There are 2 protein chains.
Amino acid sequence: MISKIISIIESRRDTLTSSEKKAADFVLSNGSEILNMTVSEFSNSCKVSEATIIRFVKKLDFDSFQDFKLSIASDNESMKNYEDIDTTINREDTPQEIIKKVELGIIRAIESTTTITDYSEYVKAINYIRSAKRIEIYGVGSSGAVAKVLNYKLTRLGFPAFAIEDPHMQAISAATMKTGDLAIGISQSGSTIDVVDSLTIAKKHGATTICITDHVNSPVTKFSNIVLQTFSKENPIKTSAGRSIVAQIYSVEILAAILNSVEYEKAEKAGKETAKAVVNKLY
Amino acid sequence: MISKIISIIESRRDTLTSSEKKAADFVLSNGSEILNMTVSEFSNSCKVSEATIIRFVKKLDFDSFQDFKLSIASDNESMKNYEDIDTTINREDTPQEIIKKVELGIIRAIESTTTITDYSEYVKAINYIRSAKRIEIYGVGSSGAVAKVLNYKLTRLGFPAFAIEDPHMQAISAATMKTGDLAIGISQSGSTIDVVDSLTIAKKHGATTICITDHVNSPVTKFSNIVLQTFSKENPIKTSAGRSIVAQIYSVEILAAILNSVEYEKAEKAGKETAKAVVNKLY
DNA sequence: ACAAAAACTGAAATTTTATTACAAATAAGA
DNA sequence: TCTTATTTGTAATAAAATTTCAGTTTTTGT
């Protein structure tokens, strides 16, 4: 089981100032020792001011320093084994070890995403999807694949969604959006120029905008009415974005599941019809 | 459920004075609600003085009221018992419940896939990928998205892979394959006509074939030299293929991770070059 | 039954701890 | 380079926990 506080810190890391990061690092390396510390002891240990500590815990969305400590206490036990298992893949790992590490990495990404998930943002997103006249989904690279998955799911649920991977087509299509339309941008980094630009254009033309991203403080969030944050942490497999793809698909899956629940009749009907449509495409 | 604190109170019950017992009873019946109370709120709730509360917690051997609260908090950890939870999503589920069920469903799919994973098939697959002159990946529908992810990953690792989603292009391209080439078919059901046909054509022309599928006894496995099986179970969200997509991506991720390990220099080099290539596509 | 001692209790004072206000310092733009 | 915004720590303030102490109740021995 993952420690809640670690994923919260990881997910907010880029919103922290440099002295707040000192506090964050102290938490990550000293964990539960904070439980028997006061604000000023904590601040002395990190060589920052007391005010910084307070600002730090407030930035992580805790009501108070006590609240912060209670949260650490409640996942105290889990914290220990979190540090034990390293999912970094080394050259000398056997295939079995690699598979175990990939598995653990993915599970952690999922659990961390749950931890940082803001239910209300999903509920808001769902309402926009339900009422949208037209839904466009923008993504390039690996996020393009996620865009397609969302496209697939929304279509099977009976919603008028289209994924666009070509940046030119994104921009062109975004320019034709109107009030009541919905643009969904998917970008792991949140800094993909094409997706940010397309979303900006869509918003300028009156569309509501949603983004699915790891980085809550990235350019893409500035032009998004709703931010669905997935888990972000440096990836041990540097050349691939594995974990975050799974987290993004998880996010898509959540949207589909809630939609399926709140639009049950519609989804049921669309599901049957779309299933019938592909039945002769199977052996 | 708080448990530790309950047994402490029970064991000390007869040492408590009558007003301390009021405090004890409040703890027993209101449990973790105390977590967001101050000493004086707690004392008001029990109709005793603040001093009594302090004496009460000290009598239970806690260093301080905060210490007492931290103990309740760590006790309070709602031990989520995975096995017991049914992931079937019902109409009346709240968004929070839905998210939890989706999460659990995905984690189970991942864990189950690990269980049925045949390491040696992956090792064989890796060797074919390493030596292939040309790699084509076939998938339609949601498996098309998975095909794109595999395409993305292999390319970033420096392997000549191309995903083809259009069934006509798949067939045409498959017909041009030669010995030493590799065709990878992705089909959740294993019965997708287009993918099965494309793989058959590729094999007939001398290519080695790999499939990623949930169903080990499906048509697609008959024309595959290697079968990478992912988890299959009836999906609670009937209209979407959520779980199996994640399992398939997991499978793709395993391939990428092992490849990254066995072809370290090549992957490192390709990773750097491809990262450089996209750097000016980010803000 | 009745003192006297012991134990208990709560209001208020004190101490400790957390939070805020503000001004200095640093960084970022124009 | 100057201006503006952000970050940061110090000091003041607020809040919360703890202790003190005087008054009250209970217990115990006669």
Side-chain angles (χ1 to χ4, degrees), chain A residues 5 8-9 12-27 30 32-74 190-191 196 215-219 221-223, chain B residues 5 8-9 12-27 30 32-75 282-283:
Chain A
I5 199 75
I8 292 175
I9 289 177
R12 301 281 163 87
R13 193 169 199 84
D14 46 2
T15 75
L16 300 178
T17 66
S18 64
S19 51
E20 283 163 1
K21 281 205 183 81
K22 287 182 196 167
D25 291 338
F26 188 85
V27 176
N30 299 70
S32 55
E33 279 177 43
I34 289 154
L35 292 182
N36 24 37
M37 285 185 174
T38 66
V39 170
S40 59
E41 284 167 344
F42 185 7
S43 71
N44 288 335
S45 303
C46 324
K47 306 271 190 297
V48 299
S49 71
E50 301 179 7
T52 297
I53 298 296
I54 299 296
R55 282 186 292 252
F56 167 66
V57 300
K58 292 273 168 76
K59 206 174 248 184
L60 298 182
D61 274 348
F62 294 100
D63 296 338
S64 64
F65 182 67
Q66 293 302 335
D67 187 32
F68 171 73
K69 289 217 291 189
L70 289 172
S71 176
I72 292 180
S74 72
S191 301
V196 174
H215 297 279
V216 79
N217 243 5
S218 59
T221 63
K222 294 193 178 62
F223 306 101
Chain B
I5 203 77
I8 292 175
I9 289 175
R12 302 282 165 86
R13 192 169 199 86
D14 42 3
T15 75
L16 299 178
T17 68
S18 67
S19 53
E20 284 163 359
K21 281 205 183 78
K22 286 183 199 165
D25 291 339
F26 188 85
V27 175
N30 298 71
S32 54
E33 275 178 48
I34 289 153
L35 291 182
N36 26 33
M37 285 185 173
T38 67
V39 169
S40 60
E41 284 167 345
F42 185 8
S43 70
N44 289 335
S45 302
C46 322
K47 304 276 191 295
V48 299
S49 71
E50 300 178 8
T52 298
I53 298 297
I54 299 297
R55 283 186 291 257
F56 166 67
V57 300
K58 293 270 168 82
K59 206 174 248 182
L60 298 181
D61 276 347
F62 294 100
D63 296 338
S64 65
F65 181 68
Q66 291 304 335
D67 188 32
F68 172 74
K69 289 216 294 188
L70 289 173
S71 176
I72 292 179
S74 68
D75 228 20
L282 300 177
Y283 273 114

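Just so it is clear: chains get the letters A, B, ... in the order the sequence lines come, proteins before strands, and each one is counted from 1. Since the structure is predicted, the reported quantities are computational estimates derived from the model, not experimental observations.
Summary of the strand contacts: B/R55 and A/V39 both lie near DNA chain C, and taking for each the nucleotide with the nearest heavy atom, the more 5' one is attributed to B/R55.
Put simply, chain A comes within 4.0 Å of DNA chain D, heavy atom to any atom, from D/dT7 to D/dT10, going 5' to 3'. Once you apply a 4.0 Å limit to the heavy atoms of chain B, the touched nucleotides of DNA chain C run 5' to 3' over C/dC8 to C/dA11.
Fit an axis to the five pairs at each end of the helix from C/dA1-D/dT30 to C/dA30-D/dT1 and the two axes sit 20° apart, to the nearest 10 degrees.
Looking only at side-chain heavy atoms (C-beta outward), A/R12 and A/K59 stay at 4.5 Å or farther from each other. Between A/F68 and A/I53 there is no side-chain heavy-atom pair separated by less than 4.5 Å. At a threshold of 4.5 Å between non-hydrogen side-chain atoms, the residues A/V48 and A/F56 do not count as touching.
With values rounded to the nearest 0.5 angstrom, A/L70 atom CG is found 8.5 Å from B/N36 atom CG. In this structure, the separation between CD on B/E20 and SG on B/C46 is 11.5 Å, given to the nearest 0.5 Å. Taken to the nearest 0.5 Å, the OG atom of A/S71 stands 11.0 Å off from the CG atom of A/D61. Here the straight-line distance linking atom CG of A/L60 with atom CD1 of A/I8 works out to 7.0 Å at 0.5 Å rounding.
When atom types are taken as modelled, the side chain of B/K69 and the backbone of B/T38 share no donor-acceptor pair closer than 3.5 angstrom. Between the side chain of B/S45 and the backbone N or O of B/E41 there is at least one donor-acceptor pair closer than 3.5 Å.
Interface residues of residues 43-52 of chain A facing DNA chain C, ordered by number: A/E50, A/A51; criterion, heavy-atom separation under 4.0 Å.
Every side-chain contact (heavy atoms from CB on, under 4.5 Å) that A/S191 has, sequence neighbours left out, goes to A/S189, A/S218, A/P219, B/L282, B/Y283.
Between B/F26 and B/F42, the ring planes lie tilted relative to each other; the angle falls in the 30° to 60° range.
For residues 43-58 of chain A, no residue pair satisfies the salt bridge (Lys or Arg N to Asp or Glu O under 4.0 Å) rule, not counting sequence neighbours.
The residue B/K58 sits close only to the backbone: its heavy atoms come under 4.0 Å of sugar-phosphate atoms, none of a base.
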For the pair A/F62 and A/I5, evaluate side chain to side chain contact (heavy atoms under 4.5 Å, CB included) and give the outcome as yes or no after the intermediate values.
CA-CA 11 Å; A/F62 294 100; A/I5 199 75; 3.4 Å; yes

